[in-house]
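All remarks here apply to the structure that follows.
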Amino acid sequence: LLVAAMMGTNDTTGYSLLLESGRVRQVRQFNVRAELQQQLNFHWQLVWGVDWFQQRASLRLFTFGNVGPYVGLRAAW
């Protein structure tokens, strides 16, 4: 499974006069997930993958990123 998403938002007014003299905040988010799934039986599934997330913003306070692996067990009922 490979999933990619992108989203953006813009404030209509300045975020705060204390941050860059009231500059309008623009945020862009990017996310990519690669996942492998192994069916264990009718109800259980083992999943593992990597998730990458990046947020970019016109105000540096709101810019960050993350990447990491995960492992999980899914149940269907």
Side-chain angles (χ1 to χ4, degrees):
L1 175 69
L2 184 61
V3 178
M6 182 170 59
M7 184 184 88
T9 59
N10 296 322
D11 289 342
T12 56
T13 60
Y15 182 78
S16 170
L17 290 176
L18 300 175
L19 294 174
E20 298 186 33
S21 301
R23 186 174 177 189
V24 173
R25 180 178 54 166
Q26 298 173 332
V27 177
R28 302 292 177 262
Q29 295 178 338
F30 307 92
N31 182 244
V32 177
R33 175 182 300 149
E35 180 177 282
L36 295 172
Q37 304 169 350
Q38 174 67 45
Q39 197 70 36
L40 300 176
N41 61 35
F42 183 73
H43 294 286
W44 294 97
Q45 186 179 56
L46 178 65
V47 294
W48 62 96
V50 175
D51 192 50
W52 175 84
F53 178 84
Q54 181 73 40
Q55 178 170 298
R56 297 182 188 146
S58 58
L59 299 175
R60 188 176 171 115
L61 175 65
F62 298 98
T63 296
F64 64 93
N66 186 44
V67 63
Y70 63 92
V71 175
L73 194 58
R74 277 192 196 130
W77 59 81

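Atom set for the values below is all heavy atoms of this structure, side chains included, hydrogens, waters and symmetry mates excluded.
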Measuring from atom [atom1] of [X] to atom [atom2] of [Y], what distance do you get when rounded to the nearest 0.5 angstrom?
X     : Y     : atom1 : atom2 : value
Arg28 : Met6  : CZ    : CE    : 9.5 Å
Thr13 : Arg25 : OG1   : CZ    : 9.5 Å
Leu73 : Gln45 : CG    : CD    : 9.0 Å

Practice item. Verify, without hydrogens or angle tests, whether Ser58 (side chain) and Val24 (backbone) share a donor-acceptor contact under 3.5 angstrom. Key: yes

**Study point:** Side-chain donor or acceptor of Gln55 paired with backbone N/O of Phe62 under 3.5 Å
**Key:** yes

Side-chain contact test, heavy atoms from C-beta onward, threshold under 4.5 Å: evaluate it for [X] versus [Y] and give yes or no.
X     : Y     : answer
Leu19 : Leu61 : yes
Val3  : Leu1  : yes
Val71 : Leu46 : yes
Leu40 : Arg74 : no
Asp51 : Asn31 : yes
Thr9  : Gln26 : no
Val67 : Val50 : yes

Practice item. Specify the closest pair of heavy atoms between Thr63 and Ala57, including all atoms of both residues, with the distance to one decimal. Key: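 The pair with the smallest heavy-atom distance is OG1-N, 3.1 Å.
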
Point to revise | ring pair (Phe, Tyr, Trp, His ring centres under 6.0 Å) partners of residues 21-54, not counting sequence neighbours, each pair once | key: Phe53-Phe64

Practice item. Would you please say whether a donor-acceptor pair under 3.5 Å links the side chains of Tyr70 and Glu35? Key: yes

